[in-house]
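Presented below is the structure to which this report refers.
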There are 2 protein chains.
Amino acid sequence: MTDQQAVLDLLDIVEYGGCAEPEQFFALMRRTFKIAHLLYLEAEPLADGLKVCRLHHTFGAYAAEIYVSKGLYRIDPILRLALGGVRPVEWTTARRRFPECEPLFQAAEEIGLSTEGVALPLPSPAGRMALLAINANMSPTEWSTYRRCHLRDFQLAANLFHASMLEHAAMAGAIDERDMRLTGRETEVLTWSAAGKSYWEIATILGISERTVRFFMTNARRKLNVVSNTQAVAQAVRHALIPTI
Amino acid sequence: MTDQQAVLDLLDIVEYGGCAEPEQFFALMRRTFKIAHLLYLEAEPLADGLKVCRLHHTFGAYAAEIYVSKGLYRIDPILRLALGGVRPVEWTTARRRFPECEPLFQAAEEIGLSTEGVALPLPSPAGRMALLAINANMSPTEWSTYRRCHLRDFQLAANLFHASMLEHAAMAGAIDERDMRLTGRETEVLTWSAAGKSYWEIATILGISERTVRFFMTNARRKLNVVSNTQAVAQAVRHALIPTI
DNA sequence: TTTTGAACTGTCACTATCGACAGTTACATG
DNA sequence: CATGTAACTGTCGATAGTGACAGTTCAAAA
């Protein structure tokens, strides 16, 4: 069994920001646990499927080539299961439930990915999804024991790492959106507009004239570089420029 | 320190569906850990505040009365922090960062809630948020040690319990939300509207008449229970009903 | 076979929005 | 004091959105 102290140290490091880069996190995880491979991906749900925004993994070049460029993530049942819920998905469970994807698992075995592993769904507040897939070269019985003991470690580490990634992305995006900063009133009128209020209603609520509401809204549209109030609100919600809570 | 075997047993029970009711989960958690109180709430982001959909807790009747009926969850900084991210929120950290909410903490102390605790954000795929707040009657140093050792247990237990709650809600709510599901065309017109396109432009893009675009948009508004396209798009983005372009 | 749901279309009348015109007031910063 | 920024207001005309009216077509499920 893995050294408990090492596990607690790893969790401390991840929680307090010592793993800004996925590579660091992956290395630390592989050093601490008997893990063969790790994969972290962020995805966005689309009407016709799944758009993978970011993908980090420890596979070899060839394996990555197969998995990514051939678009296997589009048909991977584990991804479908994991990105649709919040419960950890056991690889072998998915294999049993989706026999039509057997070729995928065989391909994985050929490139050195064992079939024992777990995928941890990591939802984020805005509705985007991510997952951390953990793969171990273990026998089923060995993995069962190991998983029971360390799933909690994997789950917390995954959550904290995911939080770091989200905060990192928010910081990186903040620079680009410097000119997109809205004033207090602009934010207010956008917020009320997103709540379905008309100019007249917003004017009454804020105690100003309807013309002034339009003035703020026009400024907001210009700053956001959009052509309609509807588009402005969509942008503002996506970029969390107006309060969600 | 808590018995490790008991912890693993608890996690097994929660994972394999033995905690369908919050009360069972709460009792099990309090029996296994040195926890004073637990609170699980599901919330939906709204433009004009926070809509708490479901709330379960182990507070006494009086405490619950204060916390819920007086609407303290509207100003609780821990809720704001936790529901806006995915990182565990330490109660004392929130207390330091938001001195204006000191009365809230004092009120909590008076009704027997200690100030040591942690709130675990639990996002779900659809963009809704939940959180599990864990409260312990411990001294700061005692809590610090305890937290370091058991945060992973809390996190996994919270995730698994949350998954059960979501699956339970999905089963129960399948009937209620049937009428809120958008059809393919409704999603399409909303998506283009969020991109700033007018009815005429959307009609051209989709190769249908302008009237038909309006028809789909009206249906979408009715399903989302909103009064304007702007509000519909805001709702759709928040609930991840339309893809991010 | 009947029913249901999605996709589709037309017109009328009213209201909301948006861009472009031309300003005032107040307050902080250099 | 000048400069800048946020907050504020008015009017005109064109375009966009919204609700209520009344339908057709097609495919899949009951």
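Labels below follow one simple rule: chain letters A, B, ... track the order of the sequence lines, proteins then strands, and each chain is numbered from 1.
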Determine the minimum heavy-atom distance between A:Q231 and B:G196, stating which atoms define it.
OE1-CA, 3.3 Å
For the pair A:E167 and B:R87, find out whether any cationic side-chain nitrogen is under 4.0 Å from an anionic carboxylate oxygen.
yes
Taking B:E15 first and then A:R147, would you say they form a salt bridge - that is, a charged N and a carboxylate O separated by under 4.0 Å?
yes
Protein-nucleotide distance ([X], atom [atom1]; [N], atom [atom2]), rounded to Å:
X	N	atom1	atom2	result
B:M217	C:dA7	CE	P	14 Å
A:E186	D:dT5	CD	P	13 Å
B:W192	D:dA16	CH2	P	17 Å
B:R222	D:dG19	CZ	C1'	9 Å
B:Q231	C:dT17	CD	C1'	17 Å
A:E210	D:dT9	CD	P	11 Å
B:I208	C:dT9	CD1	P	6 Å
A:R214	C:dC21	CZ	P	14 Å

Under 4.0 Å, heavy atoms only, any strand: does [X] hit a base, just the sugar-phosphate, or nothing?
X	value
B:R221	sugar-phosphate
B:R185	sugar-phosphate
B:T218	nothing

Which of parallel (below 30°), tilted (30 to 60°) and perpendicular (above 60°) describes B:F161 and B:Y40?
perpendicular
Closer to the 5' end of DNA chain C via nearest nucleotide, is it A:F215 or A:V226?
A:V226
So does [X] get a side-chain nitrogen or oxygen closer than 4.0 Å to the phosphate oxygens (OP1/OP2) of [N]?
X	N	answer
A:Y199	C:dC18	yes
B:N229	D:dT18	yes
B:S209	C:dC8	no

Look at the side chain of A:R211 against the base of D:dT11 and say whether a donor-acceptor pair falls under 3.5 Å; ignore hydrogens and angles.
yes
Yes or no on side chain to side chain contact (heavy atoms under 4.5 Å, CB included) for A:H162 and A:L120, after CA distance, side-chain angles and deciding distance?
CA-CA 11 Å; A:H162 182 224; A:L120 302 173; over 6 Å; no
